[in-house]
Amino acid sequence: MAAKTVSQLVQMLERGEITSVEIVTEYLKAIDEHKDLNAYITVTHETALQQAKESDMRRKEGKPKSKFDGIPIAIKDNICTKGVLTTCASGILQNFIPPYSATAYQKLLDAGFILLGKTNLDEFAMGSTTETSFFGPTKNPVDTTKVPGGSSGGSAAAVAADMAPVALGSDTGGSIRQPASFCGVVGIKPTYGRVSRYGLVAFASSLDQIGTFAHTVKDAASVLAVISGIDERDATSINKPVDFDSTTVTGNIKGLRIGVPREYFNGVNEAIVTAVKDVLKKLESQGAVIREISLQYTDYAVPIYYLIATAEASSNLARYDGVRYGYRSKNIQKLNDLYVKTRQEGFGKEVKRRIILGTFALSSGYYDAYYLKALKGRRLIIDDFTKAFSQCDCIVAPVTTTTAFGIGEKISDPLSLYMADILTIQANLAGIPGLSVPVAKDAHGLPIGVQIMAQHFNEKVMLNVAQAVEECVTL
Ligand code: GLN
């Protein structure tokens, strides 16, 4: 099977050149062959093949659920899939089988997509390397000594190694864009409120968004369109028309004003700076107007994010108490042991660090000094983007300061990992859409992505620019 993009597979299915069973079989084979990458926590072999058979029947009868009927997909293991293990890569949820499905997943099922399995992540999506997973790290398919990025490292690796044509991830501070960049695939974080968070296990509720990974901008956009839209089960989802899909992605950027934030180049590896500048030149030659802009609070983004994200996490993760669901310690003498030992044994080190940090930031006497101050800083960042978007239609910048680094290289230095999020977290704090599209490789052959951001609910423009980028680079 030479095809690997969703649109090619759809075409082949429509022409009757391939069956869903054949497609699913190929991907399951690839998953087996790449077990060493540890991209999947759960593989749904039997149900995937069964669903593929049913899909083929529907097509035969001329009644596909949508044009995507029979296309397989991988889903990050913090998105609830009814009846299928959903662990968040945490010991505390290692046996959790959700009795309901996330809205995003349900929408995929309704469109006829087929679940291949659940992908690895940093525990509760806290991290940027996929090394904090209870199930061990995922390896980067481009160079297996490197991390795939994170927290959606399993989804990025699955697409990069052709173990799925498309995948869902979640992005709270960069967890789709950064692994997409490290693995050389497209990754989109939509506007906050674009995709329902119902059934996405909460990390930091005011920042979390579900998005897509794929080989091409059009694929990632078209599947994102399927999962987008208001949902009565998520009060933060917003009723805006979904005005993009693969057909709106034209790549026409004539006259478009592109802002380049000068602060986004500080401390960035030379190969990445060169790659972004090359792309900007090409976009200019296609008629875009490039102008320098300033995002003056960039240096404050990391402390602001790590106060807000940990505060929200400490509250969200209070539910894992050994009473309602999830892991329960065997070692209980008195009631208090139930909570203390369950949480002590069930959570990993990074998750505990964040719960403690967040609890501290919210505690009486410190709330005003830390949490409230961070909220005020967040407001300044939002205003800064509003100002920036009065001068440009979209922003183009690096995604990360480095290309993929070695497994084990940074994991013992959490602060340096937190600092490395500097270029992705502002989009989450402001709630705007952002994506990463692969543009080049460094001297070691490691992928480099370019980040594109746009105004709230302006995915359409962002995707057009991404398409123009995709068309002008040779990889
Ligand atoms: N790396 C960031 C963190 O550790 C972002 C994670 C994410 O987006 N889920 O919090």
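We count ligands from 1, going down the list as the structure has it; atoms in each ligand are counted the same way. Being a predicted model, the structure only gives us computed values, none of them experimental.
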In the protein, which heavy atom is nearest to [atom], and how far is it?
{"atom": "atom 6 (C) of ligand 1", "answer": "Ser175 OG, 2.9 Å"}
{"atom": "atom 5 (C) of ligand 1", "answer": "Tyr305 OH, 3.3 Å"}
{"atom": "atom 3 (C) of ligand 1", "answer": "Tyr306 OH, 3.2 Å"}

Any salt bridge linking Asp234 with Arg197? Criterion: basic side-chain nitrogen under 4.0 Å from a carboxylate oxygen. yes

Taking only Lys NZ, Arg NE, NH1 and NH2, and the carboxylate oxygens of Asp or Glu, determine whether Lys189 and Asp171 approach each other closer than 4.0 Å. no

State whether [Y] and [X] meet the cation-pi test: NZ (Lys) or CZ (Arg) under 6.0 Å from the six-membered ring centroid, and within 45° of the perpendicular axis.
{"X": "Lys410", "Y": "Phe405", "answer": "yes"}
{"X": "Lys240", "Y": "Phe457", "answer": "yes"}
{"X": "Lys76", "Y": "Phe213", "answer": "no"}

Is the backbone of Gln296 close enough, under 3.5 Å, to the side chain of Asp384 for a donor and an acceptor to pair up by distance? yes

Counting only N and O atoms by type, is there a donor-acceptor contact under 3.5 Å from the side chain of Asp219 to the main-chain atoms of Ser7? yes

Using a 4.0 Å heavy-atom threshold (strictly under), name the region of [X] that reaches ligand 1: side chain, backbone, both or neither.
{"X": "Thr172", "value": "both"}
{"X": "Arg354", "value": "side chain"}
{"X": "Ala125", "value": "both"}

Residue from Asp278, Ile448, Val268 passing side chain to side chain contact (heavy atoms under 4.5 Å, CB included) with Val273: Val268

Salt bridge (Lys or Arg N to Asp or Glu O under 4.0 Å) between Asp383 and Arg379, intermediate numbers included: CA-CA 6 Å; Asp383 292 347; Arg379 168 51 60 187; 3.4 Å; yes

Closer than 4.0 Å to some heavy atom of [X] - which atoms of ligand 1 meet that?
{"X": "Gly174", "answer": "8 (O)"}
{"X": "Asp421", "answer": "1 (N), 2 (C), 3 (C)"}
{"X": "Ser151", "answer": "9 (N)"}

Please confirm whether Ala309 comes under 4.0 Å of ligand 1, counting heavy atoms of the residue only. no

[X] N/O under 3.5 Å from ligand 1 N/O:
{"X": "Gly173", "value": "yes"}
{"X": "Lys76", "value": "no"}
{"X": "Phe203", "value": "no"}

